[in-house]
Amino acid sequence: MKAIVSVIGNDKPGIIAKVSACLYNFNVNIEDISQTIMQDNFTMIMFVDLSKSEVGFDKVSAELDKIGKEIGLSIRMQNIAIFQAMHRI
Amino acid sequence: MTFNNNEILETIDMLDNQNLDVRTITMALSLFDCICDDPQRTALKVYDKITKKAANLVKVGDTIGRELGAEIVNKRVSVTPIALIGSSGGKFLPIAKAMDKAAAEIGIDFIGGYSALVQKGITPQEKLFLETIPEALASTKKVCSSVNLASTKSGINMDAVKTMGEKIKEAAHLTADNNSIACAKLVVFANGVDDNPFMAGAYTGAPEGDCVINVGVSGPGVVEHALKKMRGADIAAIAETIKKTAFKITRLGQLVAETASARLNCGFGIVDLSLAPTPKIGDSVAKILEEMGLSEIGSHGSTACLAILNDAVKKGGVMASSHVGGLSGAFIPVSEDAKMMEAARRGTLTINKLEAMTSVCSVGLDMIAVAGDTKAAVISAIIADECAIGVINNKTTAVRIIPVEGKKVGDEVSFGGLLGSAPIMPLNAGDPSVFISRGGRVPAPICSNRN
């Protein structure tokens, strides 16, 4: 499955390091990454591939959520299908 | 990257701040293979079929919701009208109990289809069935009932209209200690549809297949948010914005419907293009009308605004889905919409204005609480009015009205959860009982020379 990981909140050091380490541990490949400040919020968006990960979507998602809570940011992972459906004909 | 950040953040904003969700995935099951002449055995077969076919419905729905980051609020089952399934055995209440038990077993919130289609005539078994509806609703938790009383092809069955006014009163009485809640699970239709995923009116019509997934989308908050950016724009621009927004909302519904039907190994039925409110702030259909320029829903202009909204939702949604069906349009349930409740309390929103609005919206008089001493004949007359609107205009109309026992005009009633709360609304004081007591059938209308 391809998915989008989005991180939204106040900027602080170590965000990319923590999220990337988590994805690396679960063998989730980061195919693209961008970060920007939008509406006063730090926003990082990663395009990831879970096809080589053995642990499954829910496990990775739960771990990302945990990291988000630890560092006080919203981190979520969503199947890319929802963006495909809503923004492409 | 395939998407730009704005697109991704727009979707996330809709989910986080505008209450975008998928309101229901409803598994539509045929129960024709459960018919036998022993009512207990029929009930057992009904239980077995529901628990087998829909065993994974909740799990699959929740998994898809997690993967997409979009909540699928309700998981439900609709079945073939039980008046058809139980006729051979001659008893219907054991089937209602079996449906309730099965619904609890698989963890769904409602099961629809304790229903009868009597728009033209009533068989002796269907007559017996209608008698059981109040008890079936009072003695179960999750079972919903609907009765189709009229159609453009057949006219209006006034005998059934009279009976259902009485049954609604009985259902209210049997659940008097719980705000007559049974009536919230009972809806009567004109031109009822075979593939509606929404409760209380979901049933699986006879022409449907064995097992399909029907999806009801929602998202009034998303439409309202989009219109906030359109202040000062003319109505054509408003309609365009609603269309574009409805397209995006419906694409989510289509994705969920395709994914769920593949994972549950059954067919994809339809997507119902609906804007269904909840009592939550920011999830209101009435607020969209207010954003269009009304000070409050119920004011003059409400029917026009609702017509614009309803039409634009359909136009946007139709292109987003391969199969569209159900009730498709905007719902206006008074107790389930925070802004409608407010307007009803203030007296801006009256039953007469609501009736006018039902001639252009997707359903009808929905979740309206009235005084407990309302006569059965008055309820039947309200139903007859709605049936007339539906039959003449070739559209679905419905009535879900709750004569709350012990309550009078000005009181408040709370039904809990998504059913919300409402003021007891005043009705017209005239007496229609002679008209209702006539019985018979309203002839089907002529469909040429339409004025």
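To find a chain, count down the sequence lines: A is the first, B the second, and so on, and within it residues start at 1.
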Q) Quick check: are there more than 12 heavy atoms from other residues, nucleotides or ligands sitting under 6.0 Å from CG of A:Asn10? A) no
Q: Check the side chains of B:Asn5 and A:Thr36 for a donor-acceptor pair under 3.5 angstrom, ignoring hydrogens and angles.
A: no
Q. Does any heavy atom of chain A fall under 4.5 Å from the side chain of B:Ala320, the backbone, both, or neither of them?
A. neither
Q. In terms of heavy-atom contacts, does CG of B:Asn265 have more than 12 from other residues, nucleotides or ligands at under 6.0 Å?
A. no
Q.
What's the separation between atom CG in A:Asn79 and atom CZ in B:Arg66, rounded to the nearest 0.5 Å?
A. 13.0 Å
Q) CD1 of A:Ile80 to CD1 of B:Ile8: how many Å apart, nearest 0.5 Å? A) 7.0 Å
Q: Can you tell which part of B:Glu10 gets under 4.5 Å to a heavy atom of chain A, answering side chain, backbone, both or neither?
A: side chain
Q) Would a distance-only check, ignoring hydrogens and angles, find a side-chain to backbone donor-acceptor pair under 3.5 Å from A:Gln78 to B:Leu68? A) yes
Q: State whether the side chain of B:Arg251 and the backbone N or O of A:Met86 hold a donor-acceptor pair below 3.5 Å, judged by distance alone.
A: no
Q. Using 4.0 Å as the upper bound for N to carboxylate O, is an ion pair formed by A:Arg76 and B:Asp16?
A. yes
Q.
Which atoms of A:Glu31 are under 4.5 Å from chain B, going by heavy atoms: the side chain, the backbone, both sets, or neither?
A. neither
Q | Exercise: identify the closest heavy-atom pair between B:Leu252 and A:Ile82 | A | CD1-CD1, 3.8 Å
Q.
Under 4.5 Å from any heavy atom of chain B, what part of A:Met77 do you find: side chain, backbone, both or neither?
A. backbone
Q) Going by heavy atoms in the side chains, are A:Phe57 and B:Thr63 under 4.5 Å from each other? A) no
Q. At a heavy-atom separation under 4.5 Å, does A:Ile8 approach chain B through its side chain, its backbone, both, or neither?
A. side chain
Q. What part of A:Ser6 gets closer than 4.5 Å to chain B, counting heavy atoms only: side chain, backbone, both or neither?
A. side chain
**Q.** Between CG on residue B:Leu255 and CZ on residue A:Phe83, distance to nearest 0.5 Å
**A.** 11.0 Å
**Q.** Toward chain A, the part of B:Leu9 with a non-hydrogen atom under 4.5 Å
**A.** side chain
Q. Atom CZ in B:Phe247, atom CD1 in A:Ile89: separation rounded to 0.5 Å?
A. 4.5 Å
(Q) For A:Lys52, I'd like to know if atom NZ has over 12 heavy atoms of other residues, nucleotides or ligands within 6.0 Å. (A) no
